[in-house]
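None of the values given here were measured: they were computed from a predicted structure.
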Amino acid sequence: KVKISFYAVDEAHCISEWGHDFRPEFRQISVLRECHPDVPILALTATATEQTATDIEYCLNFRKSNCIRGEFERKNIKTLVIKDEDKLARCKKIIEKVGGTGIIYVSTRLRAEFFARDLQSLGVNVESYHAGLSDEERSRRQEAWLNGSLPLLVATKAFGMGIDKSNVSFVIHYNMPKSLEAYYQEAGRAGRDGSEALCTLLYSPSDIMTAKTLLEHSEENDQISEEDRERQAALDRRRLERMIEYCKTTKCLRRTILEY
């Protein structure tokens with residue numbers, strides 16, 4: 001028998017119903033505590049509010065609170081919110097000015113395909129990335145981006161989790177994300193080598209309607225009760241409202257995120 005020294009749970013915010021990407025099946029990880037009560041569990045996440053962190057400890061049956069919180073502020077990353085209807089032209093300007101490796105996040109697979117083609121028509125070396133591609137094609141594009149032969153991807157949220165490329169010089173959000181947690185996690189993929197990086201959120205009033213529509217038509221999870229689904233929907237709506245407030249604020253963007 002192999003002696004297990006500890007369990008490491010990555011993307012631990014998925015465990016908590018308060019987390020921005022709650023996945024009920026992650027709750028089942030707690031069975032490890034029942035099978036191996038003396039084996040330590042290490043839960044890791046880059047995006048957890050105090051409420052989420054407390055719930056993670058509860059769900060994993062921590063005997064006492066033991067949360068080690070690192071520094072959330074990334075001083076090498078410059079954050080911008082730009083209200084702009086001509087997002088194609090704005091993206092082209094950012095790509096030309098900043099250069100290097102980048103990611104453009106969009107809300108849907110169809111948008112990823114169309115916007116990648118729009119950029120290609122302007123001479124930009126770019127590919128799309130989303131869950132609708134074959135496993136082989138996704139792997140090919142991901143590897144090309146990682147090795148530097150492909151400098152830019154237009155991607156849905158399907159891209160990024162578990163990806164660690166240190167020299168990403170810019171991240172652009174073509175659409176407003178559904179929450180500040182999702183935005184911070186995706187923006188945080190820039191500048192991991194400590195170099196200066198730019199994270200730009202392109203915002204237009206139509207993004208609010210798009211985000212609300214996507215929220216209303218999101219797939220229902222049949223692994224949780226109707227009551228839990230309603231509570232989760234209410235949480236998602238509150239997160240979206242905070243995201244909208246962030247886009248419209250006249251206060252310091254960095255301070256707004258850190259306070260959240």
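- The closest donor-acceptor contact from the side chain of S195 to the backbone of G191 lies at 3.5 Å or more, if one exists at all.
- The pair D55-R27 meets the salt-bridge criterion, since a charged nitrogen lies less than 4.0 angstrom from a carboxylate oxygen.
- The two residues S5 and P40 come nearest to each other via the heavy atoms O-CD, 3.2 Å.
- Taking 4.0 Å as the cut-off between side-chain N and carboxylate O, E113 and R109 do not count as a salt-bridged pair.
- A single hydrophobic cluster is seen to contain both L201 and L258, as judged by linkage of ILVMFWY side chains at heavy-atom distances under 4.5 Å, directly or through other members.
- Taking 4.0 Å as the cut-off between side-chain N and carboxylate O, K157 and E186 do not count as a salt-bridged pair.
- Not less than 6.0 angstrom separates the ring centroid of Y183 from the ring centroid of Y105.
- The number of heavy atoms from other shown groups lying within 6.0 Å of CZ (R140) is above 12.
- Among all heavy-atom pairs drawn from R254 and E73, the shortest one is CD-OE2, 3.1 Å.
- Of the possible donor and acceptor atoms, none in the side chain of T249 sits under 3.5 Å from a partner among the backbone N and O of E245.
- Between the side chains of T52 and T49, a donor-acceptor pair is found at a separation under 3.5 Å.
- A distance-only check finds no donor-acceptor pair linking the side chain of E85 to the backbone of S204 [under 3.5 Å].
- At least one side-chain heavy atom of K83 sits under 4.5 Å from a side-chain heavy atom of P205.
- The environment of CD in Q120 is crowded: more than 12 heavy-atom neighbours from other residues, nucleotides or ligands sit within 6.0 Å.
- Between F72 and T47, every side-chain heavy-atom pair lies at or beyond the 4.5 Å cut-off.
- Side chains of R192 and K165 form no contact here, defined as non-hydrogen atoms less than 4.5 Å apart.
- If you chain together ILVMFWY residues whose side-chain heavy atoms come under 4.5 Å of each other, V154 ends up grouped with L80, I82, L88, I94, I95, V98, I104, V106, F115, L119, L122, V124, V126, L152, F170, I172, Y174, L198, L202.
- Checked against a 6.0 Å centroid threshold, the rings of Y129 and W145 do not count as neighbours.
- Contact record, S149 with N125: O-ND2, 3.6 Å, taken as the closest heavy-atom pair.
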| Test log, rule side chain to side chain contact (heavy atoms under 4.5 Å, CB included), inputs E11 and Q185 | CA-CA 11 Å; E11 308 295 350; Q185 185 171 55; 3.1 Å; yes
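- Hydrophobic clustering (side-chain heavy atoms under 4.5 Å, transitive across Ile, Leu, Val, Met, Phe, Trp, Tyr) keeps L42 apart from I56.
- Contact annotation: the side chain of K178 never approaches that of R239 to less than 4.5 Å [non-hydrogen atoms, C-beta and beyond].
- Atom CZ of R111 is surrounded by 12 or fewer heavy atoms from other residues, nucleotides or ligands within 6.0 Å.
- Looking at heavy atoms from C-beta onward, K248 lies in side-chain contact with I208 at the 4.5 angstrom threshold.
- Here L146 contributes atom CG and Q142 contributes atom CD; the two are 5.5 Å apart, rounded to the nearest 0.5 Å.
- Between L153 and E127 there is a side-chain heavy-atom pair separated by less than 4.5 Å.
- Under the 4.0 Å criterion applied to side-chain N and carboxylate O atoms, K87 and D207 are assigned as salt-bridge partners.
- With hydrogens and angles left out, the side-chain atoms of H13 and T45 include a donor and acceptor closer than 3.5 Å.
- Following chains of ILVMFWY side-chain contacts shorter than 4.5 Å, one can reach Y260 starting from V81, so the two form part of one hydrophobic cluster.
- A salt bridge does not link E241 with R237: none of the charged nitrogens is closer than 4.0 Å to a carboxylate oxygen.
- The structure places CG of D193 at 9.0 Å from OG of S169, a figure rounded to the nearest 0.5 Å.
- Hydrophobic side-chain contacts under 4.5 Å tie F114 into a cluster, directly or through other members, with L110.
- Between the OG atom of S128 and the CG atom of L133 there is a distance of 5.0 Å, given to the nearest 0.5 Å.
- Counted by atom type alone, S107 and N175 present one or more donor-acceptor pairs between their side chains at under 3.5 Å.
- The two residues V9 and A12 have their closest heavy-atom pair at O-CB, 3.9 Å.
- Taking CD from E57 and CG from N66, the interatomic distance works out to 7.0 Å, rounded to the nearest 0.5 Å.
- Within the 4.5 Å cutoff, side-chain heavy atoms of M243 are placed close to those of M176.
- Across C67 and A53, no two heavy atoms sit closer than the pair SG-CB, 4.3 Å.
- In summary, the side chains of R90 and T200 do not present any donor paired with an acceptor at a separation below 3.5 Å, with no hydrogens or angles considered.
- Screening I29, L60, I41 for a side-chain contact (heavy atoms from CB on, under 4.5 Å) with Y7, the sole residue that qualifies is I41.
- Taking CZ of R242 as the start and SG of C247 as the end, the distance is 12.5 Å to the nearest 0.5 Å.
- Considering only heavy atoms from C-beta on, P37 comes within 4.5 Å of R63 through its side chain.
- The heavy-atom pair separating A187 from H173 by the smallest distance is N-CE1, 4.0 Å.
- Rounded to the nearest 0.5 angstrom, R33 CZ and S30 OG are separated by 9.5 Å.
- In this structure, I15 is not a member of the same hydrophobic cluster as Y58, with clusters built from ILVMFWY side-chain heavy atoms closer than 4.5 Å.
- Hydrophobic clustering keeps V31 apart from F26 (ILVMFWY residues linked when any side-chain heavy atoms are closer than 4.5 Å, directly or through intermediates).
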